[in-house]
Amino acid sequence: MIPSNSSPIHGFSTLSTADVEFLVECSTRYCLGRYSYAPNWMCDILSKCLATLSDGCLSVVERDIREHSQQTEYSPGFSDIEDDWSAILTKIQTEQHRRQNIQK
């Protein structure tokens, strides 16, 4: 887990929801396939903001992670990264199902 010792960056509070979601989508795509601390950090960020992301953003991120997971075989020593993506994919899908059930 990456330490959270940050404070708000001046100006980020003025970003639109669309801008923030674009950053989330791009960051997720960047982290897919990385063999570093980045995937774990991105999964932590996604976990923290799942409830605030729009249905469209969740759909894009879910699809990207799901497709990546289906196409990628991690080599030994990197199973923790695969586990991180799998865990966040489950959380995203759970959130999507929760929202679908609320709309019924």
May I ask you to check whether over 12 heavy atoms, not counting those of Y30, lie within 6.0 Å of atom OH? no
Inspect the surroundings of CD in Q70 and state if more than 12 heavy atoms from other residues, nucleotides or ligands are less than 6.0 Å away. yes
Please evaluate residues L15 and L23 with respect to the criterion side-chain contact (heavy atoms from CB on, under 4.5 Å), reporting the C-alpha separation (whole Å), side-chain torsions for both, the decisive distance (0.1 Å), and the verdict. CA-CA 10 Å; L15 289 176; L23 289 173; 4.0 Å; yes
For a quick test of reading the model, state the closest non-hydrogen atom pair linking [X] to [Y] and the distance between them.
X   : Y   : result
S27 : M42 : CB-SD, 3.5 Å
V24 : L46 : CG1-CD2, 3.6 Å
D84 : C43 : O-SG, 3.5 Å

[atom1]-[atom2] distance between [X] and [Y], expressed to the nearest 0.5 angstrom:
X   : Y   : atom1 : atom2 : result
R99 : S54 : CZ    : OG    : 7.5 Å
R66 : Q93 : CZ    : CD    : 7.5 Å
E21 : L58 : CD    : CG    : 8.0 Å
W85 : N40 : CH2   : CG    : 9.5 Å
D19 : T17 : CG    : OG1   : 8.5 Å
D55 : E62 : CG    : CD    : 12.0 Å

Show your working on salt bridge (Lys or Arg N to Asp or Glu O under 4.0 Å) between E25 and R29 and close with a plain yes or no. CA-CA 6 Å; E25 292 168 7; R29 287 175 177 164; 5.2 Å; no
Any chain of hydrophobic side-chain contacts (each under 4.5 Å) joining L53 to V60? no
Would a 4.5 Å heavy-atom cut-off, applied to side chains only, mark H68 and I65 as touching? no
State, yes or no, whether a side-chain contact exists between R98 and T94 at a heavy-atom distance under 4.5 Å. no
Is there a side-chain contact (heavy atoms from CB on, under 4.5 Å) between K91 and I88? Walk through the geometry before answering. CA-CA 5 Å; K91 288 181 182 181; I88 194 61; 4.1 Å; yes
Could you list the residues that satisfy ring pair (Phe, Tyr, Trp, His ring centres under 6.0 Å) with F22, not counting sequence neighbours? none
Show the numbers, then the answer: is there a side-chain contact (heavy atoms from CB on, under 4.5 Å) between W41 and C31? CA-CA 9 Å; W41 196 354; C31 291; over 6 Å; no
